[in-house]
Amino acid sequence: MNHTPQQLLHSLYGYEDFRGQQLDVIQHVIDGGDALVLMPTGGGKSICYQIPAMLRDGVGVVISPLIALMQDQVSSMQQLGVNAQALHSGIDWQLQNQIQQQALNGDLDLLYISPERLMTEACINLLRSCKIALFAIDEAHCVSQWGHDFRPEYLQLECLQQNFPHVPRMALTATADRPTQQEMVKRLGLNLAQKYISSFDRPNICYRIMQKQKGKQQLLDFVQLQHQGNAGIVYCMSRKKVDETALWLVEQGIAALPYHAGLGAEKRAYNQHRFLNEEGLVMVATIAFGMGIDKPNVRFVAHLDLPKSIESYYQETGRAGRDGLPADAWMVYGLKDVMWLRQRLEQTDMDVSIKRSEQSKLDAMLGLCEITHCRRQAILSYFNEDSASSCGNCDNCLEPVATFDGTEVARKALSCIYRSGQRYGVAHLIDILIGKPTDKIKTAGHDKISTFALGQELDQKQWRSVYRQLLALGLVSSDPENYGGLRLLPNCRPLLKGDAQLQLRLDRKVSIKTPKASKARLQIADDDMDLWQLLRELRMALAQDQKVPPYVIFSDSSLLEMLHTKPQSLLQMSHINGVGEKKLDRYGDDFLALIQQHA
Ligand code: ADP
Ligand code: ZN
């Protein structure tokens with residue numbers, strides 16, 4: 001064996017340096033150790049098992065939950081000239097036989113297998129007859145029965161330990177709170193594994209959460225002003241809203257597709273295929289879309305509805321910017337979302353303890369929406385990670401939020417709920433406060449109560465903001481049995497009695513037309529725009545030729561580097577990050593020619 005991990009990194013992948021803990025993991029596994037690797041999305045987990053698989057004797061077996069994921073990885077490795085294959089239900093038997101033979105002959109470096117296939121007797125027998133370099137269990141959190149990605153087949157992976165006691169095992173994931181970590185260790189027999197836990201921060205993602213006014217219009221402005229021609233995902237709560245939003249975006253000239261469980265398997269697969277293989281599509285989707293979406297150049301994830309926990313929010317937004325280039329996580333939310341989520345939770349028949357836990361997760365999510373300091377700090381601290389300074393790349397850091405002493409107005413808002421009998425919705429309560437003599441108010445005699453016209457210092461919008469914050473803070477609740485009528489919760493007592501103060505957020509004016517530019521734009525000078533398009537077109541043509549997604553040919557960051565440095569020779573081209581020997585060989589001339597023509 002005449003390679004070191006560094007040599008492979010340079011010659012094969014064309015990368016300069018290892019990132020974070022990559023080299024430690026690789027060295028440990030090459031030496032035969034087990035490893036538990038927790039790295040954020042886009043952190044570079046794949047290399048951690050690919051390099052040891054190539055440097056150890058035998059084939060590296062990678063267990064991966066989704067066919068699309070496996071296919072992407074196999075294509076990427078083949079592009080680098082590595083002999084990688086996959087075994088799953090989508091492979092016809094002839095090719096399967098060939099692959100099995102290659103494995104037996106020791107001709108494979110990497111073999112991707114679905115967990116259900118791996119557990120068949122035939123497959124275990126096959127592997128027993130092969131020399132195996134390592135087992136890598138990708139998306140290892142799928143073994144957790146409490147998580148949303150639970151895969152029963154993953155539970156059977158326990159038997160790898162018994163069947164192959166001397167083969168190193170690695171579990172890799174981007175989602176692992178403590179309980180999930182413990183479950184992975186227990187279920188996958190990793191008691192002796194070395195743990196490699198990286199920061200979960202995604203510094204290239206800019207977080208923005210703002211008040212919803214006309215959600216769809218705000219989204220359109222955001223896409224048109226900041227992400228014209230970029231790929232993105234828009235999450236909505238319901239199928240109906242997905243369909244409506246996708247249709248509306250198309251009418252407005254944005255290339256958008258819908259994705260939800262109601263569409264039928266074929267249509268879903270088709271839309272997903274288009275999203276992965278074309279550039280600049282916007283996928284409007286329910287949370288059914290996402291798991292296994294490896295597309296590295298998703299430039300934004302937008303939420304038109306509030307996710308039910310910070311875990312969900314972080315997982316969904318984490319699909320942006322896997323390539324490490326600037327990306328946006330953008331969300332709008334309003335009073336209605338808060339009420340709706342709270343009510344939905346009230347109405348479900350869950351076990352009391354589960355309900356309580358969901359409740360506190362939702363509280364944390366709402367807290368994240370309303371905070372006035374750095375969002376990233378708050379997110380990381382939710383995942384038990386401290387960060388000393390504020391990030392400078394979230395809305396609260398970029399444009400500090402004003403707060404005001406809301407003690408007095410909050411008291412008025414609460415007492416208005418109380419005086420009117422704790423059963424009216426926000427609109428009516430606000431009418432009382434601003435003294436609007438509607439029929440409903442007169443009929444109920446609410447023009448006679450003490451809070452009538454007591455709140456003229458704020459307008460309707462501002463009162464809505466106050467009620468939204470009271471709901472988000474858990475001081476009042478809305479009653480699903482009673483059309484969302486508001487009730488006081490015990491927490492509001494100190495405030496009502498004058499024993500507590502309350503700082504409230506002064507909502508920003510939503511200046512629809514001119515959102516402050518985020519850092520989330522790729523740095524492309526106007527003069528370079530043409531060449532950028534041409535580079536992308538060339539990449540697309542090559543990709544279509546070989547029936548692979550464009551990012552398998554070159555990542556956006558490699559293309560950007562070409563754009564910025566305009567290499568004039570193959571040698572210069574070889575210095576571009578992501579241009580390894582094989583790709584230089586295959587594509588170097590084409591891209592050089594294009595750059596020279598354009599000069
Ligand atoms: P993960 O599986 O952790 O989400 P990947 O393994 O897909 O992340 O890596 C994300 C991107 O970063 C890929 O495009 C990968 O090629 C690239 N990458 C990984 N390691 C390095 C490195 N050391 N230098 C440069 N790019 C890297
Ligand atoms: Zn910040």
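Both backbone and side-chain heavy atoms feed into the values below; hydrogens, waters and symmetry mates do not. Just follow the structure's listing: the first ligand is 1, and inside any ligand the first atom is 1.
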Task: For F383, all residues meeting ring-ring contact (aromatic ring centres under 6.0 Å, His included), sequence neighbours excluded - done: Y314
Open item on the list: Looking at R322 and D556, is any side-chain nitrogen of the basic one under 4.0 Å from a carboxylate oxygen of the acidic one?
Closed with: no
Open item on the list: Can you count the protein N/O/S atoms lying under 2.8 Å from the Zn ion (ligand 2), leaving waters out?
Closed with: 4
Open item on the list: Just verifying a value: how many Å separate L594 CG and L538 CG, rounded to the nearest 0.5 Å?
Closed with: 5.5 Å
Open item on the list: Less than 4.0 angstrom from a charged side-chain N to a carboxylate O is my criterion; do R376 and D201 meet it?
Closed with: yes
Open item on the list: With a 4.0 Å cut-off on N to O distance, would you call E139 and R151 a salt bridge?
Closed with: no
Open item on the list: With a 6.0 Å cut-off (strictly less than), is the heavy-atom count around CG of L155, excluding the residue itself, greater than 12?
Closed with: yes
Donor-acceptor list for residues 82-90 side chains, cut-off 3.5 Å, not counting sequence neighbours:
{"from": "N83", "atom 1": "ND2", "to": "D107", "atom 2": "O", "distance (Å)": "2.9"}
{"from": "H88", "atom 1": "ND1", "to": "G90", "atom 2": "N", "distance (Å)": "2.9"}
{"from": "H88", "atom 1": "NE2", "to": "Q71", "atom 2": "OE1", "distance (Å)": "2.8"}

Quick check on ligand 1: any N or O pairs to the protein under 3.5 Å? One line per pair.
{"from": "ligand 1", "atom 1": "3 (O)", "to": "G43", "atom 2": "N", "distance (Å)": "3.4"}
{"from": "ligand 1", "atom 1": "3 (O)", "to": "G44", "atom 2": "N", "distance (Å)": "3.0"}
{"from": "ligand 1", "atom 1": "3 (O)", "to": "K45", "atom 2": "N", "distance (Å)": "2.9"}
{"from": "ligand 1", "atom 1": "3 (O)", "to": "K45", "atom 2": "NZ", "distance (Å)": "2.8"}
{"from": "ligand 1", "atom 1": "4 (O)", "to": "G42", "atom 2": "N", "distance (Å)": "2.6"}
{"from": "ligand 1", "atom 1": "4 (O)", "to": "R322", "atom 2": "NH2", "distance (Å)": "2.5"}
{"from": "ligand 1", "atom 1": "6 (O)", "to": "K45", "atom 2": "N", "distance (Å)": "3.3"}
{"from": "ligand 1", "atom 1": "6 (O)", "to": "S46", "atom 2": "N", "distance (Å)": "3.0"}
{"from": "ligand 1", "atom 1": "6 (O)", "to": "S46", "atom 2": "OG", "distance (Å)": "2.6"}
{"from": "ligand 1", "atom 1": "8 (O)", "to": "G44", "atom 2": "N", "distance (Å)": "3.2"}
{"from": "ligand 1", "atom 1": "12 (O)", "to": "R19", "atom 2": "NH1", "distance (Å)": "3.3"}
{"from": "ligand 1", "atom 1": "16 (O)", "to": "Y15", "atom 2": "OH", "distance (Å)": "2.5"}
{"from": "ligand 1", "atom 1": "20 (N)", "to": "Q22", "atom 2": "NE2", "distance (Å)": "3.0"}
{"from": "ligand 1", "atom 1": "23 (N)", "to": "D17", "atom 2": "O", "distance (Å)": "2.8"}
{"from": "ligand 1", "atom 1": "23 (N)", "to": "Q22", "atom 2": "OE1", "distance (Å)": "3.1"}
{"from": "ligand 1", "atom 1": "26 (N)", "to": "R19", "atom 2": "NH2", "distance (Å)": "3.3"}

TODO: Let me know which of V338, L366, D507 forms a side chain to side chain contact (heavy atoms under 4.5 Å, CB included) with Q469.
DONE: D507
Task: Pair R539 + D590: basic N to acidic O under 4.0 Å - done: no
